[in-house]
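One structure is given below, encoded as structure tokens.
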Amino acid sequence: MNQKVLVYFKKIPLTAWIFIGIFLGLLSGIFLGQSILPLATVVGDLFLRLLKMIIVPLIFTSITSGVLGIGDSKNLGRLGLKTMLYYMASSLLAILTGLFLVNLIQPGKNADITLSANPDADSLAVGSLQDLLYRIIPTNPISSMVNSEILPIIFFCIILGIFISRLNGSYKTLLTDFFYAGFEVMMNITHFIILFAPLGVFGLVAKITATTGLEIFQSLGLYFITVVIGLLWHYSINLPLMIIILAKENPLTHLKNMSVALLTAFTTSSSSATLPLTMECAEKKAGISNKISSFVLPLGATVNMDGTALYECVAAMFIAQVYGIELSITAQFTVVVTALLASIGAAGIPMAGLVMMSIVLKAVGLPLEGIGMILAVDRILDMLRTSTNVWSDSCGTLIIAKSEKELAKPGKDEKRIFE
Ligand code: ASP
């Protein structure tokens, strides 16, 4: 290829390439329809496989080296507390936004709905809240890694990091170097995988566009709109306000810095699969120190899901409205609490939020068949809520980094690698 053209192409930033991928995916999904599926499926799946390949080794090395970097247990405790406080506060804010909107718009009041699908309720049941707590502590960390169970891996790595930092002499140096070096390699691999993001999102978007018809929006339109308004509100008002008030930073700059991760979250519908990119953007573009991001982000990708929390609340209230069941204030409070727990327990994978709905519905005695009703529009909502989830993780990381004085000054020691 002509040298000049090559130089010109190299100048186009990755975010722009991803937008081009999304645009071409949309066009080919609309105009080529099902015939694009064989190509789109392979391209999208290959990208997802690459991302999934790196998740477990990345979490294993990042959390352990993160805990080692934080130093003593006092610092770890403070950081853990801040992280949990932010995650709880932002998720609650999201749920209350959803609750307000669903009561205001009442999308289920006069909805003309016939149950479009009737999922096997048993397969959607996820067990009790006690099971959820039990799932945090692995009985076998290796099997958790094999099965990509993120929460138990995080728990094990925190313990591992704490006890490595308590060793003395050469053992401590050896293991610390091992985890730091391992993390560095995983981030380099991530950086390599990111280069395929435009192709990957092209495949994913083309597949979704070719397989999703517009007719599904007819009866669920108002419900869909309520969730979308809620997510947009949280995305563009609540979270930016938190950045302005708590970190005194410019949310638009942060949005731009995180754009590659946010677009990937949107197209993959998976916070976990996006995690490598979220970490890369947070460290290399937003200037957040490795010490903070390697601890806060993997935790956030698993437990902090604002978009999912908001969606759980709106969906449960919508189902109640369709069935004509009036939920008392106490019952609505139960919806808020269980929506929070369901979002914490949901895995960062596509449609996890839909599966967790059963916890909320069971808690207030709503029929599980309601899940079948909202299934049709879940794919698109999943994309939006996943991007909200990742955006909230990144906002929290910025706020915590700022409070810990772990944020690089833009333009000075901040490295910019994508552009
Ligand atoms: N797909 C979402 C995520 O990975 C979870 C959900 O289904 O709500 O963050």
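Remember, it's 1-based here, ligands and their atoms both numbered in the order they're listed. Basis for what follows: all heavy atoms, side chains included, without hydrogens, waters or symmetry-related copies.
Near Ala352, meaning under 4.0 Å from any of its heavy atoms, are these atoms of ligand 1: 7 (O). If you number the atoms of ligand 1 from 1 as listed, the ones under 4.0 Å from a heavy atom of Gly353 come out as 6 (C), 7 (O), 8 (O). Distances below 4.0 Å separate heavy atoms of Ser271 from the following atoms of ligand 1: 3 (C), 4 (O), 9 (O).
In this structure, Ser269 has a heavy atom closer than 4.0 Å to ligand 1.
For atom 1 (N) of ligand 1, the closest non-hydrogen atom on the protein side is Asp382 OD1, 2.8 Å.
Nearest heavy-atom pair across Ile243 and His254 is CD1-CD2, 3.9 Å.
Contacts between Ile349 and ligand 1, counted as non-hydrogen atom pairs separated by less than 4.0 Å, involve the backbone only.
Polar contact with ligand 1: absent for Ala347 (N/O pair, distance under 3.5 Å). The shortest N or O to N or O distance between Ser272 and ligand 1 is not below 3.5 Å.
In this structure, the ring of Phe23 has its center no less than 6.0 angstrom from the ring center of Phe202.
By the neighbour-count criterion of 12 heavy atoms within 6.0 Å, atom CE of Met88 is sparsely surrounded, having that number or fewer from other residues, nucleotides or ligands.
There is a side-chain donor-acceptor pair under 3.5 Å between Thr386 and Asp382.
Salt bridge Glu404/Lys291: absent, no basic N to carboxylate O contact under 4.0 Å.
The only option from Leu39, Leu46, Asp45 that meets the side chain to side chain contact (heavy atoms under 4.5 Å, CB included) definition with Val43 turns out to be Leu39.
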